[in-house]
Amino acid sequence: MSRASLLRHAALVAICLVVALPIFWLLRTSLVPPELSYDPRIWPEFSTENYRTLFAGNGFGRNYLNSIIVALGSVLLATPLAALTGYAFARFRTGGKAARFAVLATQMLPPVALALPTFMIYRELGLTNSLTGLVIVYAVVNLPFLTWILMGFFEGIPADLEEAAITDGATNWQAFLLVVLPVARPGIAAAVVLGFILAWNEFLFALILSGPSTATVPVALAALQTSNGVEIGKVAAGVALAIVPLMVVSRFIQKYLVRGLSFGGVS
Amino acid sequence: MSRASLLRHAALVAICLVVALPIFWLLRTSLVPPELSYDPRIWPEFSTENYRTLFAGNGFGRNYLNSIIVALGSVLLATPLAALTGYAFARFRTGGKAARFAVLATQMLPPVALALPTFMIYRELGLTNSLTGLVIVYAVVNLPFLTWILMGFFEGIPADLEEAAITDGATNWQAFLLVVLPVARPGIAAAVVLGFILAWNEFLFALILSGPSTATVPVALAALQTSNGVEIGKVAAGVALAIVPLMVVSRFIQKYLVRGLSFGGVS
Amino acid sequence: MADIVMKGVSRDYGHGIYGVRDADLEIRDGEFMCFLGPSGCGKSTTLRMIAGLEDITSGSLSIGGRDMTHTRPRDRNIAVVFQTYALYPHMSVRDNIGFGMKMRGVGRRERDARIVAAADKLGLTKYLDRKPAALSGGQRQRVALGRAMVREPDVFLMDEPLSNLDATLRAEMRLELVRLHREHGKTTVFVTHDQVEAMTMGDRICILRDGHIMQVGRPLEVYDNPVNIFVARFLSSPPMNILPATLAEGRINTEIASFDLAAAQKQAYAAARNRPLTLGVRAEDFYAEPGIGRVAVRGRLQVIEALGAENILFLDIEGQQIAARVDRRFLPETGADVVLHLDTAAIHLFDAETETAFARPDPESLRA
Amino acid sequence: MADIVMKGVSRDYGHGIYGVRDADLEIRDGEFMCFLGPSGCGKSTTLRMIAGLEDITSGSLSIGGRDMTHTRPRDRNIAVVFQTYALYPHMSVRDNIGFGMKMRGVGRRERDARIVAAADKLGLTKYLDRKPAALSGGQRQRVALGRAMVREPDVFLMDEPLSNLDATLRAEMRLELVRLHREHGKTTVFVTHDQVEAMTMGDRICILRDGHIMQVGRPLEVYDNPVNIFVARFLSSPPMNILPATLAEGRINTEIASFDLAAAQKQAYAAARNRPLTLGVRAEDFYAEPGIGRVAVRGRLQVIEALGAENILFLDIEGQQIAARVDRRFLPETGADVVLHLDTAAIHLFDAETETAFARPDPESLRA
């Protein structure tokens, strides 16, 4: 190995360490006894106590299940709606430029400004402290963004394909279901993954709209950081577990998003 | 006007009302005396009291200035870095697919999990309750997203253009500054606008890292919703003011983003 | 019976912009009709109106005697071959070809049999289970054809189907399309901007310009008797040479030559006397050798394009630029003075103002 | 002096994949050299290596006698015209043309003067303040040329610059490029996949296939004496007819005809005796009329492509597919039995295994 190559490899190893160290330290902190959390030794003692108390004492299992239900539920509700809306925007000049702008504009409002009105409406409807309520609010909040993503994908599909299907004897609806949707699969996958991540990580609405039995993972993590002093060992365990589903969906990201999810160029 | 056309216009008017009514009601609530906030009449009395007390009593001017400094500062810091990084990814196969994935992966961590470590580091460095600290954290948090957007724009610029510039006698650096950057202007504008909106609306880091003198608009709005019961008139006034800069940047959105910001199609 | 009759068909985009205006055209049952014209002339729009993919804003369209002006595409029993092929990328070749039959409720067994037969005819048997992305350009083109043929539609509509192929493959597919048409005998409309494709494939060609139909007829008929300068120049490469001319006392006068007309020509061009005229001479009507009815012209050779099989000479004759197509053995040096011989029987005459042609007598009859 | 000398130049992409392999080529000062080949043959890669836009992984390149193997593009004093034109979209035509001079520190006054002169020569004066987006395809092409010319580089490198133009404009620009080259006299390398462009524009042509140089020479020289079947077929349209043949006792035997060779041919083809051979006959070497040295072949007419100026016949002769290019007045019906006359002086002979040609005597000398 030449000297230049050696130097280059050393630099790469150093960079990897910088990136990987915090993640390693997170795991390490979660897997030592809580009283050794701040111990300077690399791995003084192995212990699953943090995980056990997190589930037994803090009911983290409940939070975890809540997060999964809310994130999955909202994405399953929002994606079909986003697909139909995005397709309408992409193909039929629905609403023109103004409607497209309106979709983007909704993304610009400060979420804090939406939180209070939502809380007041939910109180009237009895939807506070319910998973249904969170599913609905996440679906609604993410709908414009997912619509925008899918619109981009549908615009990338040549109109020829649908015209071929229609002259082949398909109805508009069949052309959409049998030709457009399958071709847009990477886009649908991207939308599902992004919608899931956004809902999984959301904190503000979850804090305001959930109650003790419906708190999601971010709310539970925040509670750990403030309730009893900072229980750093449990926080580390909770964060480690919160990342697991993101690692799972990241496989889809690698497959679909890295290629498909680039912003359009200059027209 | 035919009957079908009449019906269609009626439907459009109804939809516009549904969209516009909340915004109108927000303005109306902010511009009546606080004790008439919940009054059912459309506009019982004009008053700027909410705005006056918001600034005089709550020091909202300070919050507003803080938000502008933090949002502008972070975007001015992050955009040039994002442009260089995005260009490197787009043109030079820097780091390959793994590095691109790493950029996306950073966006998947729950912000709540980052907040505490940031707070602890900042306390050590004396950056809590400082605008500099917020500028840095927003620049860092938004950098991957802005990089991703700009990478997409740079990829959309044909390599021919740079090769033409280079054979025309330009250095790589001149080709980037004189040809690539100007052509990517819509992308730069999109990145600046999005970075500004993200920083302007951010709540979680602002809540944890700011102090009384450095609180931003979202933190101030949240405080209004919890401190003294809900002061709905002042909240309405604050939200109305919070939207103003977003309206300003939205002009850029209409010019650049609606066209340029579509997600790439199927490859 | 699947003739296509268009009466006064227009496509109005609003604001006074028309894609096609007042098109009257009859395409006969079983005919291979080529729409030819430069880009933006309305040829694709016309095809898309026949397909039902573009609205007809006025006029009427009938296919096989039935009014189809506003019929949905799926009820017209037509098949379209797109320039981009428009293959369904997520389906195998088999499913691509079978999609139309599936939509029309053809049973699985018959579908399979017809797919296999079509694949066999087009040499696609080996590729039936591949996705379109795994095929070459020529193979994709064949799949698109197979998808159209297997449905046995009344009418084939083809929108520049060869323009994405390289030159060699394009020449092959030209022959193959003609052969397939001869076998199935279905009415076919073929859109192209390439005069060679139109000349060699069409039973008749229809030349469009700016949304208007200029001329319809058999290829050689149109080539020999173009109705105006546009058609005359568009149909040949290099384009027909055009010169200002006058006709007086049975004699044509131009900058490059003056010559007497034959008796039949004098009679045919009676209406052209004493008007500003444009003389048209095709490049192949200049010869290296003198001959009966030929008049000599002399000029300086500016460029010679030696193509191997023939030579194209570009001359400056009295300030006029003239292109001539001559035998490959005639190879003068650039800059040389060259004498060519113009076949006066083969000339075309146009009104200089309206650019429309005066009907000309058959050159062969003049030589006889 | 700006000759280009390539010695053993390769572009290795790793994993045993080569863009170009072991290319030896001398391009003379002031020469117009065309690189011709199908897509993927390495012609663009070679051009980009000369430009410095692609690394040379082995071998050496010199321009004007100076080694430039690893010199940066900006230090080579070359100008590239790209297929996409690659105009800077945010700059006016004026700034596009002036960019290179600005980069090289030419003063504003001289820059302006040279921009105006170039614009005048190319007919762009009216458009100097427009952005590229407001120009037609042909005008963009001219701006790209202007940008290259105004810098007065030693070498022009053009990568399929005409392929985005329509047929008419392409023919015009062909002439214009030849005219411009004659004026400035600079070494020019022109990449194309179109044999007409190569035949008509190049002082010499260089034919590539799969990263290897097949043949270099003057266009008609290569056309008349192709070194192998690939070159022979690629250079003409329709491609040269190819038939299995044998040579015994001074006589060529094929499925479609047998004929005696002339004395000079017997001598030239001595090495071809008793080997498996391939006979090559160009389409234009079939004639409708008999003549000295012509042998009659008889076949069934499958397709006739009547192009107006000439006719291409596709015949089935004893199971062999033959394409013939004949006079436009010879217009038999499809399906008819047709007799054509093969010019035996014009044949080509190839080794059936290696596909390389046997050197042939000049056909004209045989006729004399």
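Because the structure is a prediction, the values reported are computed rather than measured. Every chain is numbered from 1, with letters handed out A, B, ... down the list of sequences.
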* Tell me, side chain or backbone of A:Gln174 under 4.5 Å from chain C's heavy atoms, or both, or neither? -> side chain
* Region of C:Phe82 in contact with chain A, defined by heavy-atom distances below 4.5 Å -> side chain
* Backbone N/O of A:Leu178 and side chain of C:His90: donor-acceptor pair under 3.5 Å -> yes
* Counting only heavy atoms not in C:Arg179, do more than 12 fall under 6.0 Å of its CZ? -> yes
* Measure the spacing between OG1 of A:Thr171 and CZ of C:Arg72 and express it to the nearest 0.5 Å. => 8.0 Å
* Which pair of non-hydrogen atoms, one from A:Ala164 and one from C:Arg147, has the smallest distance, and what is that distance? -> CB-NH2, 3.6 Å
* Asked: Do other residues, nucleotides or ligands put more than 12 heavy atoms under 6.0 Å from C:Arg204 CZ?
  -> yes
* Reference residue A:Asp168; test side-chain contact (heavy atoms from CB on, under 4.5 Å); the match among C:Lys102, C:Met101, C:Arg151 -> C:Arg151
* Among C:Val81, C:Val80, C:Leu157, find the residue that satisfies the side-chain contact (heavy atoms from CB on, under 4.5 Å) test when tested with A:Thr167. => C:Val80
* **Option in C:Gln83, C:Met91, C:Arg74, C:Arg48 with maximal non-hydrogen atom pairs under 4.5 Å from chain A** => C:Arg74
* Determine yes or no for a side-chain-to-main-chain donor-acceptor pair under 3.5 angstrom, with C:Tyr88 supplying the side chain and A:Ala165 the backbone. => yes
